[in-house]
Amino acid sequence: MVAVSSWGMLGSWEHDVRHLQRGASRLPVAAGLTGLAYGMGRSYGDVCLNPDGVLWQTTGLDRFVSFDPVLGRLVCEPGVLLRDIQRVMVPRGWILPVTPGSQYVTVGGAVANDVHGKNHHVAGSFGEHVRRLMLLRTDGSVIECSPTRQPEWFQATIGGMGLTGVITEVDMQLHKIASPWLEVETLAYHNLDEFFALSAASEYNWDYTVSWVDCLHAAGRGIFMRANHAAAEQTPAVQSRTLNMPFVPPVSLLNKYSVKPFNFLYFNLKKHQVGKKLMHYQPFFYPLDNVLNWNRIYGPRGFYQYQSVVPVEHGRDAIQAMLKEIARAGAGSFLAVLKTFGSREPAGMMSFAEQGVTLALDFANQGAVTLQLFERLDAIVREAGGKLYPAKDARMPRELFESGYPRLDEFLSYRDPGISSALSRRLTGS
Ligand SMILES: Cc1cc2nc3c(=O)[nH]c(=O)nc-3n(C[C@H](O)[C@H](O)[C@H](O)COP(=O)(O)OP(=O)(O)OC[C@H]3O[C@@H](n4cnc5c(N)ncnc54)[C@H](O)[C@@H]3O)c2cc1C
């Protein structure tokens, strides 16, 4: 047994870790135990954990199977990292159509959580670009599915949190680009009305939008970034340096004494740097990947991420109410993202991203105080008809999960009985 934790480092639990072998026709099971696929463990909470059970480590399944350079169609194994796709494909004029804020994520993990990026309003989530999947079940059966072939299996597996089987191959469509650079415009906003006005004004002409919000400023000020792929090859010198958080400090370095002055300084510094510039895709898409092990900064008790999406019609009031609660509690951290999702149909039965406004914030784990704050935030999300993101979750109550995911019952009929996770036991009872 090996102790395994997830990105939030809220604890570590014993698992029987088995490395998946290429071409195996059956999953390595252990008598009486359930299993679960595990990619890079970049999920924050318990969706990728199966304490006292088996974890099927997928990172050895890291082969590119085929690539069509004319059409940009890539077939690969599920343990391939998004980083490796970008490294190999960007110089060939193709890029991932959707990418989350870390490139240290496997393709299987990206499908199973149906991850979103900064371009949801134009490209939807990851699953929208998947053309075909191969799924291996614990009974040894193999299911090939796509939007037209066994579409119900496809929809259950996209965003299916690994619970329908192990994805063994993914066929996806990449996006054509002329340059690895992006034209990025940075703007400051001073309240939520300005944020919503900027989002609406950017929806049609900008491929990527995202904002940093000062979570301790109740009016909701922040820094808005929007970007398009640069039209032609431009090669300014890349200045990229990787930093490392070498140890876990005894207490969280992000607390109410450090975050407030930090946010104040950051906002005022960035406010004076507004304007347009060229940015390489890596720092734009993956700013946090530049600091290895940044999750250690929260100390030995780890941290939670709280990511919600609420429908547009209640978005302004709900975000305002959440920011007020967080500011009042003096909680939250520097890492706070506010952005709108577009009206694309979710690709999976259990996909998180759907039209609305999403707020994602990290919180150092301070035990009961943090959990009580989350209950107040849950009430706001529930009232607004919103939901939380399982990929980031370690504690949402079952009724909020059920109300946020109305296709849950339908989804459960596609579950593999030999697969289970800490999250599935917590939120579905098995
Ligand atoms: C810095 C950072 C930024 C992030 N930004 C974003 C963001 O912008 N948008 C976003 O949506 N997410 C974001 N995330 C979350 C991350 O993209 C997801 O949690 C992703 O699913 C992690 O992939 P992984 O390979 O680490 O999978 P894991 O965390 O190991 O597993 C995730 C889920 O996928 C399942 N799974 C993995 N492989 C397979 C397989 N082969 N077959 C079936 N199921 C499988 C697991 O069982 C589990 O349920 C971010 C995470 C970090 C650390």
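Remember, it's 1-based here, ligands and their atoms both numbered in the order they're listed.
- Checking Thr428 against Arg415 by side-chain atom types alone, a donor-acceptor pair falls below 3.5 Å.
- When ring centroids are compared, Tyr44 and Tyr389 stay outside the 6.0 Å threshold.
- Ligand 1 has a nitrogen or oxygen under 3.5 angstrom from a nitrogen or oxygen of Val47.
- In summary, the side chains of Gln155 and Arg407 do present a donor paired with an acceptor at a separation below 3.5 Å, with no hydrogens or angles considered.
- The closest non-hydrogen atom to atom 35 (C) of ligand 1, taken over Pro287, Ala112, Ser125, Gly159, comes from Ala112.
- Closest heavy-atom approach to atom 43 (C) of ligand 1 among the candidates Gly165, Pro78, Gly108: Gly165.
- Side chains of Tyr204 and His121: no donor on one and acceptor on the other come within 3.5 Å.
- Nearest protein heavy-atom neighbour of atom 27 (O) of ligand 1: Gly109 CA, 3.7 Å.
- For Lys176, the NZ atom counts as densely surrounded, since its 6.0 Å shell holds more than 12 non-hydrogen atoms of other residues, nucleotides or ligands.
- For Arg398, the CZ atom counts as densely surrounded, since its 6.0 Å shell holds more than 12 non-hydrogen atoms of other residues, nucleotides or ligands.
- Heavy-atom contacts of Trp7 reach the following atoms of ligand 1: 53 (C) (cutoff under 4.0 Å).
- Heavy-atom distances between Phe352 and ligand 1 stay at or above 4.0 Å for every pair.
- Residue Gly39 has at least one N or O atom closer than 3.5 Å to an N or O atom of ligand 1.
- Partners of Val312 under the side chain to side chain contact (heavy atoms under 4.5 Å, CB included) rule, at least two apart in sequence or in another chain, are Gln355.
- With hydrogens left out, the protein atom closest to atom 25 (O) of ligand 1 is Thr106 OG1, 2.6 Å, a heavy atom.
- Counting non-hydrogen atoms of neighbouring residues, nucleotides and ligands closer than 6.0 angstrom, the CZ atom of Arg22 exceeds 12 such neighbours.
- Remark: ligand 1 atoms within the under-4.0 Å shell around heavy atoms of Met161 are 47 (O), 49 (O).
- Contacts between Tyr389 and ligand 1, counted as non-hydrogen atom pairs separated by less than 4.0 Å, involve the side chain only.
- The shortest N or O to N or O distance between Gly41 and ligand 1 is under 3.5 Å.
- Counting only N and O atoms by type, the side chains of Tyr414 and Thr157 include no donor and acceptor under 3.5 Å apart.
- With respect to atom 47 (O) of ligand 1, the closest heavy atom belonging to the protein is Ala37 O, 2.6 Å.
- Here the heavy atom of the protein found nearest to atom 29 (O) of ligand 1 is Ser43 OG, 2.7 Å.
- Every atom of ligand 1 with a heavy atom of Leu36 under 4.0 Å away is listed here by number and element: 47 (O).
- Closest to atom 42 (N) of ligand 1 among all protein heavy atoms lies Ile167 N, 2.8 Å.
- For the residue pair Ser421 and Asn50, no side-chain donor N or O sits within less than 3.5 Å of a side-chain acceptor on the partner.
- With hydrogens and angles left out, the side-chain atoms of Tyr281 and Gln103 include no donor and acceptor closer than 3.5 Å.
- The aromatic ring centroids of Trp7 and Tyr298 lie 6.0 Å or more from each other.
- In the candidate list His116, Gln307, His120, His116 is nearest to atom 9 (N) of ligand 1, counting heavy atoms.
- For the pair Val105 and ligand 1, the shortest N or O to N or O distance does not fall below 3.5 Å.
- Separation of the Phe363 and Phe374 ring centroids falls under the 6.0 Å cut-off.
- The protein non-hydrogen atom at the shortest distance from atom 24 (P) of ligand 1 is Met40 N, 3.5 Å.
- Below 4.0 Å from some heavy atom of Thr58 lie the following atoms of ligand 1, by number and element: 41 (N).
- Of all protein heavy atoms, the one lying nearest to atom 14 (N) of ligand 1 is Lys392 CE, 3.7 Å.
- For ligand 1, the atoms sitting less than 4.0 Å from at least one non-hydrogen atom of Asn113 are 18 (C), 19 (O), 20 (C), 21 (O), 32 (C), 33 (C), numbered in the order shown with element in parentheses.
- At least one N or O atom of Gly101 sits closer than 3.5 Å to an N or O atom of ligand 1.
- For ligand 1, the polar-atom distance check against Tyr104 finds no nitrogen or oxygen pair separated by under 3.5 Å.
- By the criterion of a heavy-atom distance under 4.0 Å, neither the backbone nor the side chain of Phe126 is placed next to ligand 1.
- Ranking the protein heavy atoms by distance from atom 31 (O) of ligand 1 puts Cys48 CB, 3.5 Å first.
- With Arg226 as the partner, the salt bridge (Lys or Arg N to Asp or Glu O under 4.0 Å) test is satisfied by one option alone out of Glu203, Glu185, Glu183: Glu185.
- With hydrogens and angles left out, the side-chain atoms of Thr164 and Asp416 include no donor and acceptor closer than 3.5 Å.
- Not one N or O of Trp294 is nearer than 3.5 Å to an N or O of ligand 1, by distance alone.
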